[in-house]
Amino acid sequence: MTKRQSLHGEWSSRWAFILAATGSAVGLGNIWKFPYITGENGGGAFVLVYLVCIAAVGIPIMIAEILLGRLGRRSPINTMRYLARQARANPRWQYLGWIGVLAGFLILSYYSVIAGWALAYVFRLGAGTFSGADAETVQAAFDGLLASPEILLAWHTIFMLMTMLVVARGVRSGLEAAVRFLMPLLFVLLAIMVGYAMSTGAFMEGVRFLFQPDFSKLSGTAVLVAMGHAFFTLSLGMGAIMIYGSYLPEKASITQASFYIAGADTLVALMAGLAIFPIVFANGMEPGAGPGLIFVTLPIAFGNMPAGALFGTLFFLLLVFAAWSSAISLIEPAVTHLVEDHGHSRIKACLWAGLATWLLGIGTVLSFNWGSEWTLFGKTFFDLLDFLTANIMLPLGGLFIALFAGWVLARRDSERELGDGWGYRAWRFTVRYVSPLAVFIVFLRSIEVI
Ligand code: TRP
């Protein structure tokens, strides 16, 4: 296969890629979603399945996705089209790229609404709204936010504009710099929160909830949610990491980068869990409170710790930045597709993709208030979108990425990119057999066939 160059630029270094991909991976998934789905699915056993999925499915598929991206060096659609042609495989492999573009668009439509909550909380904490607050006050404040579609829509609009602004300028400018400083800062703040959680008196209860597996609480759906989340949190299965890989300089080690990214991502998620569950138990709250979990627990902590308004404002601000650097990667595949295949300028592509996403987001805004009764299979519009994308589309996308990298791509191509040691053989065995089988079994189990 001949070497290709990306039309959209290249990262300035290996580290720039690792930072950007970590920026994509670390986001609302780690700090908002991981704690709340862990709470809903009973804790320890769920966390264990999630960790196994990261190691056995997530990391190998991340390597595969970056690899395909760097070989193809185009939008996920054109990368798959090109790689399939090179391998003389069925041209339908390009649909993998299409599903990815669609999934990114669907995810961003609700991701932006939740990021809007975080934006709203930056200002609430800044105004000292929660000082001395107890669980009821904090809950009432959150319910009040969800009840007003205008306010949710306003924050959703602002977040979408922020995202489009960066994407319009191209992934490199601005983004690299932001991630370099803000990610480490977020990490420090999380550490402070874990420190606070230790002082609540319920720290060990939180630790047990997270790490003591009770398999009787693990349903077939919980296993699916855990696996889906492994894809979601690592930004896998829809071409986001593929497109970032397509900007990766030739010499950088894909395997090493994948371990760094997955390691940092997992660490942030576990720290968020350690910060949140002790507060939940110390205040007699419900771990299964749902999507509002961090918005009804952390403000209690900030309201009752020294300099809480300052730390609280900073925390939600960093959360917004983490969400921002993730949102960019969700829309990047659609934008590169519009640029490559429809001849739009980057700015115009951004406007169209952003407008469509913003419109769909209104569905999620309404699902928390006026439209909370509109359900399908007992799920609101938001729940449905989340389930469909994270638990079905991403694992399916990941499954086909693994199959392509393991079975269709010529061995000499993957070997040349990844090196030929035992690590390479272990990776190849995993993407050929282990990851596809794991995804397949989880799918079957969740529809209660076995
Ligand atoms: N991984 C991000 C998070 O945890 C969300 C995200 C960004 C994502 N890009 C993605 C999820 C691509 C799936 C696919 O918040």
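Note that this is a predicted model, so its numbers are computed, not measured. Just so it is clear, the values below take in all heavy atoms, side chains as well, and ignore hydrogens, waters and symmetry mates. Start at 1 and go down the list; that is how both ligands and their atoms are numbered.
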May I ask you to decide whether [X] forms a salt bridge with [Y], counting only side-chain N to carboxylate O separations under 4.0 Å?
| X | Y | value |
| --- | --- | --- |
| K379 | D386 | no |
| R428 | E417 | no |
| R73 | E250 | yes |

Nearest non-hydrogen protein atom to atom 7 (C) of ligand 1, with distance, is S235 OG, 3.3 Å
Nearest non-hydrogen protein atom to atom 1 (N) of ligand 1, with distance, is F232 O, 2.8 Å
Anything under 30° is parallel, anything over 60° is perpendicular, the rest tilted; go ahead and classify Y50 against F34. tilted
- prompt: Parallel, tilted or perpendicular: which describes the rings of F315 and F302, with under 30° parallel and over 60° perpendicular?
  reply: tilted
Out of all atoms in ligand 1, which are within 4.0 Å of some heavy atom of [X]? Include the element for each.
| X | value |
| --- | --- |
| A240 | 12 (C) |
| A25 | 1 (N), 2 (C), 3 (C), 4 (O) |
| M238 | 12 (C), 14 (C) |
| G27 | 3 (C), 4 (O), 15 (O) |
| S329 | 7 (C), 9 (N) |
| L394 | 13 (C) |

Just checking, is any N or O donor in the side chain of [X] or [Y] under 3.5 Å from an acceptor N or O on the other one?
| X | Y | answer |
| --- | --- | --- |
| E332 | Y247 | yes |
| S235 | S329 | no |
| W374 | T380 | no |

- Item | Heavy-atom gap W32 to ligand 1 smaller than 4.0 Å | no
*asked:* For ligand 1 and G29, I'd like to know whether there is a polar contact (N/O to N/O, distance under 3.5 Å).
replied: yes
Nitrogen or oxygen of L28 less than 3.5 angstrom from that of ligand 1: yes
